[in-house]
*Asks:* 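Sharing a structure, written as structure tokens. Questions coming.
A, B, ... follow the sequence lines: proteins, then strands. Residue 1 opens every chain.
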2 protein chains.
Amino acid sequence: MSDDDLVFKALADPTRRALLDRLFVRDGQTLTELEAELAMTRFGVMKHLRLLEDAGLVVTRRRGREKLHFLNPVPIRLIHDRWIDKYTEGHAAALLDLKAELERDEPEENR
Amino acid sequence: MSDDDLVFKALADPTRRALLDRLFVRDGQTLTELEAELAMTRFGVMKHLRLLEDAGLVVTRRRGREKLHFLNPVPIRLIHDRWIDKYTEGHAAALLDLKAELERDEPEENR
DNA sequence: TTGACATGTGACCATTCGGTCACCTATTCT
DNA sequence: AGAATAGGTGACCGAATGGTCACATGTCAA
């Protein structure tokens with residue numbers, strides 16, 4: 001499985017996005033601390049953190065028996081660079097014009 | 001289900017990302033044209049296009065019995081703005097420093 | 001050194017998801 | 001009108017995913 005696939009799959013789950021949000025509010029939290037915030041058992045939180053770590057969205061550091069979790073925004077930046085670069089290199093402007101045109105012609109007919 | 005959840009779930013599948021890539025190469029393709037490029041039955045492609053359309057990543061326009069599919073980069077831009085804004089507003093620099101520090105201290109110990 | 005605490009593993013179950021198919025409707029062309 | 005073409009629906013199945021638990025390891029502190 002490719003790296004970006006891991007990142008996209010990790011971001012696909014709302015609980016994992018909530019974990020990233022929690023780490024953004026207060027970075028370096030332990031598993032037990034994150035569990036207390038999320039209405040889920042420790043095991044569920046642990047699985048999610050594992051996927052986030054595999055995707056490189058979370059970096060960890062051990063401190064004794066604790067494991068501290070830190071946000072890593074780099075993969076998100078890389079995704080952005082991939083998609084937005086593709087869509088903007090000579091195409092995004094035309095597409096945005098097209099979208100506006102579609103919405104003007106057929107206001108509510110596109111689902 | 002929230003809008004951004006639809007977008008993240010739509011982006012989570014490699015076939016759907018490939019569809020976006022195909023539409024980027026040539027925009028406005030029909031279902032049948034996309035099917036021919038993707039080693040999958042028409043029904044599988046149709047399901048994926050449906051999810052992309054529900055997420056707002058693809059916009060469609062009918063022309064007779066054909067349905068033309070167009071890329072819409074706006075949701076991807078919105079995701080970028082959400083995450084990167086959060087991570088950069090006073091935090092990203094510190095996090096990147098931290099990451100560099102972690103990788104210097106413990107080169108291969110974080111999985 | 002004993003007990004409490006923080007994290008980890010493997011199995012397990014219910015639900016979701018990817019993909020296919022039989023069958024159907026709508027449009028075009030002759 | 002009738003045949004061919006483009007797209008759509010609902011059911012179905014195997015695989016992957018989310019979540020929980022019993023149990024185990026490693027660490028701190030009295």
*Asks:* Which atom pair, heavy atoms only, marks the closest approach of A:Leu71 to A:Asp27?
*Replies:* N-OD1, 3.1 Å
*Asks:* Return the minimal non-hydrogen interatomic distance between A:Arg26 and A:Gln29, and the atom names on each side.
*Replies:*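 For A:Arg26 and A:Gln29, the tightest heavy-atom pair comes out as O-NE2, 3.0 Å.
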*Asks:* Does D:dG19 have OP1 or OP2 under 4.0 Å away from a side-chain N or O of A:His48?
*Replies:* yes
*Asks:* Report the distance from atom CG of A:Asp5 to atom C1' of D:dT17, rounded to the nearest whole Å.
*Replies:*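 Roughly 14 Å, once rounded to whole Å.
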*Asks:* Which atom pair, heavy atoms only, marks the closest approach of B:Pro14 to A:Asp5?
*Replies:*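 Residues B:Pro14 and A:Asp5, closest heavy atoms: CD-OD1, 4.0 Å.
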*Asks:* Please state whether the phosphate of C:dG8, meaning OP1 or OP2, lies under 4.0 angstrom from any side-chain nitrogen or oxygen of A:Arg62.
*Replies:* yes
*Asks:* Would you say a side-chain N or O of B:Thr32 is under 4.0 Å from OP1 or OP2 of D:dT5?
*Replies:* no
*Asks:* Nearest whole angstrom, please: distance from the C1' of D:dT17 to the CZ of A:Arg50.
*Replies:*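 Between C1' of D:dT17 and CZ of A:Arg50: 15 Å.
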*Asks:* What is the distance, to the nearest angstrom, from the CZ atom on B:Arg42 to the C1' atom on C:dA22?
*Replies:*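 To the nearest whole Å, that distance equals 12 Å.
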*Asks:* For A:His69 and for B:Val45, find the nucleotide of DNA chain C with the closest heavy atom, then tell me which residue's nucleotide is more 5'.
*Replies:* A:His69
*Asks:* Determine the contact category for B:Met46: base if any of its heavy atoms lies under 4.0 Å from a base atom, sugar-phosphate if only primed atoms, P, OP1 or OP2 are that close, otherwise nothing.
*Replies:* base
*Asks:* Using whole Å, what does the distance between atom P of nucleotide C:dC17 and atom CZ of A:Phe8 come to?
*Replies:* 18 Å
*Asks:* Would you kindly give the CG-to-P distance between A:Leu51 and D:dT17, to the nearest whole Å?
*Replies:* 8 Å
*Asks:* With distance as the sole criterion, is a donor-acceptor pair present between the side chains of B:Glu53 and B:Thr60 under 3.5 Å?
*Replies:* yes
*Asks:* Please report, rounded to the nearest Å, how far the P atom of D:dT25 is from the CZ atom of A:Phe43.
*Replies:* 15 Å
*Asks:* For B:Gly64, report the nucleic acid contact type (base, sugar-phosphate, nothing); a contact means any heavy atom under 4.0 Å.
*Replies:* sugar-phosphate
*Asks:* Under 4.0 Å from OP1 or OP2 of D:dG19: is there any side-chain N or O of A:Thr41 that close?
*Replies:*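 A:Thr41 to D:dG19 OP1/OP2: no side-chain N or O under 4.0 Å.
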*Asks:* Does C:dG8 have OP1 or OP2 sitting under 4.0 Å from an N or O in the side chain of A:Lys67?
*Replies:* yes
*Asks:* Using the side-chain heavy atoms of A:Glu66, tell me which of these nucleotides is nearest: D:dG7, C:dA6, C:dT9.
*Replies:*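 For the A:Glu66 side chain, the nearest candidate turns out to be C:dA6.
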*Asks:* Would you sort out whether B:Leu51 and B:Arg16 count as a side chain to side chain contact (heavy atoms under 4.5 Å, CB included), showing the intermediate values?
*Replies:* CA-CA 9 Å; B:Leu51 293 188; B:Arg16 288 192 286 272; 3.2 Å; yes
*Asks:* For A:Met40 and for A:Arg63, find the nucleotide of DNA chain D with the closest heavy atom, then tell me which residue's nucleotide is more 5'.
*Replies:*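 Per heavy-atom nearest nucleotide, the more 5' residue is A:Met40.
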*Asks:* Which atom names give the shortest non-hydrogen contact between B:Arg22 and B:Leu34, and what distance separates them?
*Replies:* CB-CD2, 4.0 Å
*Asks:* Could you tell me the separation between the CZ atom of B:Arg16 and the P atom of C:dG19, rounded to a whole number of Å?
*Replies:* 8 Å
*Asks:* Looking at D:dG18, does its base get a donor-acceptor pair with the side chain of A:Lys47 below 3.5 Å?
*Replies:* no
*Asks:* Given D:dT5, C:dA4, D:dG18, which nucleotide is nearest the side-chain atoms of B:Arg65?
*Replies:* D:dT5
*Asks:* To check you understand the geometry: which heavy-atom pair defines the closest contact between A:Val7 and A:Ala55, and what is its length?
*Replies:* CG2-O, 3.3 Å
*Asks:* Work out which heavy atom in B:Leu38 is nearest to a heavy atom in B:Ala18; give both atom names and the distance.
*Replies:* CD2-CB, 4.4 Å
*Asks:* So what is the end-to-end bend of the helix from C:dT1-D:dA30 to C:dT30-D:dA1, with 5 pairs used at each end and the value given to 10 degrees?
*Replies:*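 Overall, the helix from C:dT1-D:dA30 to C:dT30-D:dA1 bends by 30° from one end axis to the other.
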*Asks:* Using whole Å, report how far NZ of B:Lys9 lies from C1' of C:dT15.
*Replies:*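 These atoms are roughly 12 Å apart.
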